[in-house]
Each structure stands twice: as structure tokens, then as C-alpha cells.
Asks: 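Sending over a structure as C-alpha cells; questions will come in a sec.
Chain naming here is simple, since letters A, B, ... match the order of the sequence lines and numbering starts at 1 in each.
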Amino acid sequence: MRIGVVADKEGGGRLREIGPDRSSDGGLWRVGDLAGAVADYENHGGTAPRWVWAATDEVYPRLVERSPRVSRCHDIALVESLLLGYDGRFGEARSLGAAWARLHGRDVPPDPVTRAADGADPHPALFEPDRSTLPAGVDRLTALLEVHADQQRRIARLPDPGRFALLAAVESAGALAAVEMSHDGVPWRADVHDAVLAEHLGPRPSHGMRPPVLAGLAERISDAFGRPVNPDSPAQLLKAFAALGHRLTSTRSWVLKEVDHPVVPLLLRYKELSRLHSAHGWGWLESWVRGGRFRPDYVVGGVVSGRWATRGGGALQIPKAIRRAVVADPDWTLIAADAGQVEPRILAAVSGDDALAAAAGSDDLYARLAGSFGGDRQRAKIGLLAAMYGQTGGDAAPLLHTLRRLYPRALHHVDAAAREGEEGRLVRSWLGRTCPPPSGMWRRVTAGGDGAEDDAAARRARERGRFTRNFVIQATAAEWALVFMAAVRRGLAGLDTGRGVPRLVFFQHDELVLHVPRQIADSAVEMLRAAAEETRALMFGSTPVRFPLDIAVVECYGDA
DNA sequence: CAGACTAGCCAC
DNA sequence: AAACGTGGCTAGTCTG
């Protein structure tokens, strides 16, 4: 059963059961305590409803504090975005108000701008404006049900409604998980983080100063150049190197490594530590960690490929060194589940290449391919990644030749996606997420074709080809991860909560981290494996391709 | 002087 | 090894 929900500003709301057609919709009722009403439904036994609401990130944060977790939802804005994208209208306004306006042939309002997160203590003065974009006088719940019915019709008309419905469901489930993870937070030991920083950088300096180790390195760098140089300034570094007779194209680490001069190791060390200090130093710790938790603000579907982004806090780029600060609570444990080699496995599954699929039936796909590359697993890996990323230079060319001979259907799959991209067409993931159309500028540039403009046109076309080549793989890998996360979310609800409620606390592209009472770690691991198996069946039916999980049960994420 | 842009490195 | 896809984030630098 589906229930449409509209929240009011006082914690209440209106609900309406949604029937198979408009005339069978149930009665409308008003509740003073929306969280309580939702909880009643979720606890009632039997199948929980699918809540239909305008946007999970507007409605759910206020529910999640009080009610038990919601099982399922349909997020109008996220589904609208997927449907628009399918029609080549990527990026058009997707709010309930925008969808309603399109449905009624009215002027489409732009989406409200989302405020950037600014740390662990959101600014109370900026608290929640009214984000509805419906015209005055239009009933919100009526509009919600109309747009929902329209979305259901649009999905039903697609060539493969079942797949797209799965995409809509897991995108929405992801939105639930994102709100829950932001609420629960990643267990974060500020004292351990501080110790890691002190170990690398020395004691914390007073505000605005370089930490002792960085200050010392900066001084030695200037001495080595024989002049004052700010190592944070690429321009100054290039000049200083030029004065020594080294004309560098950039100051990237791998360029510096080619230079034979005593200043280079100092600079490389400085860059590494400076990055640690500026991106994840004491300033970050104060802004983002409160009460022993790091609470990232996830942006579901924030990346064209369907991967998530985060707003502030850099949650998807936590450096390996800092992961030592992620430590389970006493008597609890972290379980990190990493799906290994997802992208080549996805390629094997979606291309229908039997030979590659057979190799993807093993735990180490690259090792299985190594025999064709003189026994060199690393070369097999580079070759396969090159095929999916569109790399042509470097060592890739002969490896690609070998792959094209051994796995023609797999290579044809990505080559075809690249060609369609170069021609300005759309490509789609397995479940139907669709890449953005080329920009008007792209069309103008590539439509040209006289003399000097040919180079630019060909380059832009090849760039888009690399993008679409990768899109069909990366976007399908992202939805594999979403289906998996949704299955894990369901699985968590079935675990014993007698010693505390196990939680999903972190998600990063192809990796999930759970925080669970230690006594139920074994059953959680078992649940994860079952969820991965369920995901394979839901996505690909019967396929020899396997998606093995690398599971680490650890106290500290740094040990995973 | 605020905002836009660039260079560079982090993650997958 | 370093022209290979998706991003976020910071300090330095440019611009109006």
C-alpha cells in the first residue's frame, strides 16, 4: 500500500491512502503528530506502506528523530529527476511544484536553492524557509497524488518498467538511508584524530599559524632554493625551480619526482602533510565532529552517474591516515563491507560476454585474466580499467588489443557507448539512469568542421565518448550499490536489537560501514552476504557473475 | 574586498 | 605510469 504524506510546520500533517487508481484512493485524514502516525503504521505488523512524499530530505529528518525507521518511500523529486533524465531533460526543475506545473502546462518554477552545509552546528538563523514551489491555492496533498499518479504512468510506459521501478525504489531508499546516516553519524574519536595530527604535524599551533613540522619544512625548502618560497604557491615554486635550471610544466607530485634536487623530497613531504592539515586538520575536526560523531550531509543522486556527493565535510575523501579516528563504541564493532572489482564485474554482467562473465565468477577477476597477459595480474587490471575509462595512451594500447580479441562482446559494449557519446546521443545504465545530453556549446563546436576547428571538435567528441563509455559502467555500479544498500537496510531491521540498534553509518560508492553491537557481528556479516546475493538476483537474474564482498569486522576503520 | 577561477590532491 | 571516468575541498590568484 502507498500513502501520500504532507507535513505541516507544527509536526502534524495530512495523509491519504493511494489506491490502484484515483477513484479508489482512501480517505483523507489529518494528524497532529505525524511521526506518531507514521510509527503506528510501521509497527502495525504486516507489510509496511510505501510513503509517498515530495522530498525525503525535507520530510524525513524531522521524523527520524522520533519514529522507528521508515521501511520504504517514493521520493517525488528524485523520481522526477530520473524520469526527466530518461527523456534527455537532465537538470530541469524536479520539485513537486515544478512537476505539477509541467503536468498542468503552467510556467515551471525553478527548484529552491539548497543551503550549503556549514559544519556540525547549522546556523539557526537560516532555518528552513518554506521550500514549496506550488502556486498559492493549490492543495499540496492533491498535487502530490496527481504527480505521483503521473510518474507511475510514465514509468509504466517505459520499455522496461520493472527495471526503472527498481531504480526509483532504491533511489528513494537511498534517500532514507542518507537522512538516517546523517542523523546517526560515524563514530569519531576526536582524541585519536588529534593524536594522529600531532604525530604528523606536531602540537596544534595557535590560530592561523603553520604547525611546527610544516613550518620547519617550509623553512628548509626556502633554504634549499636559496630564496624565500611559499610552498603552497605553485607559481612561486615554478619560478624557484626555473632559477635552478629546471623548467617544469607543473608542480604536481609525479612531475617533481622526476627532478633530481635535494629540495624535492622536502616538497613532497610538505605537500602530503599540508594536505592533511588543511583538509582534515584541527579546523575540520572542530567544524564537523560533535558528541563523538561525524555527520556528513549526503546528496543522493548528486553525481551524474548516480553516485552520491556530500555537502561540506568531504566525507567521501577521508584520507586513509585519518580513518584511525573512526572507532566503534565500547562493546560495539564496525563492519566494513567493500564490494571488490565492481566495475569490471558490472561490465561482464551488462555486456553478456560469456568469457568475461565466467572470469567474473571468481573472487579475483584480474587474477583470472592474468594468464592472457603473460601471467601479469597488474597488466590485466590496467587493461580492463583502460577499456572502461577510455584510456588509449601509456601502456594501454597493446593490452586493449588483447582484451578486444578475448572479450569482444565486453569491449564492444563500452566501445558502442563511447561512439554514441561522440555522436551526441544518450546512453543509459542497466536500470535506466540516463546521461545528460550534450550542451549547446558542445553541439556547436562538434558540428563545425572546417580546418583549425577540426581538432577542437574531435577532442570534444572524444571527451564525451570517454564520459559515456564510463557512464554505462559507473552508473550501473552505482545502482548495484544502491540495491545492495537497500537490501542491507532491510536486513538490519531483522537483526536482534536487544543490545542496541545496529546502524548503517557510512556509504562510499562501493563500500558500506555498519556499527553494530559486537554480539551480533556474526549475524550482521551473514546478513551482508545474503544482501549481496539478493542484489545480484534482483539486478541480473541468473548470471555467473559474482559480486564478492570483502568484509572486515574491526574496532577501527583504519584497520579495515 | 567578495566572488570566480586554477592548481593540486584526496576518495572511489 | 601519469592525457583515464566521477566528484569535493583548500590555498593562491585573478577580476570587477
Asks: Mapping A/Trp254 and A/Thr310 onto DNA chain C by nearest heavy atom, which one lands closer to the 5' end?
Replies: A/Trp254
Asks: Take atom OH of A/Tyr270 and atom P of C/dA11, then tell me their distance rounded to the nearest Å.
Replies: 10 Å
Asks: Would you indicate which nucleotide in C/dG8, B/dA11, C/dT10 comes nearest to any side-chain atom of A/Ser278?
Replies: C/dT10
Asks: Could one point to a donor on the side chain of A/Arg466 or the base of C/dC4 with an acceptor on the other under 3.5 Å away?
Replies: no
Asks: Could you check which of B/dG8, C/dC4, C/dT6 has an atom nearest any side-chain atom of A/Val304?
Replies: C/dT6
Asks: Grab the NE2-P distance between A/His509 and B/dC10 for me, whole Å please.
Replies: 15 Å
Asks: Is a donor-acceptor pair below 3.5 Å formed from side chain A/Arg252 to base B/dC9, judging by atom type as modelled?
Replies: no
Asks: Can you figure out which of C/dG5, C/dT13, B/dG8 approaches the side chain of A/Thr251 most closely?
Replies: B/dG8
Asks: Return the value, rounded to whole Å, for the distance between atom NE2 of A/His280 and atom P of B/dC10.
Replies: 12 Å
Asks: With nearest nucleotides of DNA chain C determined for A/Gly314 and A/Ser305 from heavy-atom distances, which residue corresponds to the more 5′ nucleotide?
Replies: A/Ser305
Asks: Which is it for A/Thr434 and A/Arg428 under the side chain to side chain donor-acceptor pair (under 3.5 Å) test, yes or no, and what are the steps along the way?
Replies: CA-CA 4 Å; A/Thr434 304; A/Arg428 308 186 198 280; 2.8 Å; yes
Asks: Rounded to the Å, how far apart are A/Ile322 CD1 and C/dC9 C1'?
Replies: 15 Å
Asks: Taking the side chain of A/Tyr389 as heavy atoms from C-beta outward, which of C/dT13, C/dG5, C/dA11 is closest to it?
Replies: C/dG5
Asks: Could you pull out the protein-nucleic contacts involving nucleotides 14-16 of chain C (nitrogen or oxygen on both sides, under 3.5 Å)?
Replies:
none

Asks: Nearest to the side chain of A/Gln474, which nucleotide is it out of B/dC10, C/dA11, C/dG5?
Replies: C/dG5
Asks: Identify which one of A/Arg489, A/Arg503, A/Arg295 satisfies the salt bridge (Lys or Arg N to Asp or Glu O under 4.0 Å) criterion when paired with A/Glu180.
Replies: A/Arg489
Asks: Measuring from the side chain of A/Ser233 (C-beta onward, heavy atoms only), which nucleotide among B/dG8, B/dA11, C/dG12 has the closest atom?
Replies: C/dG12
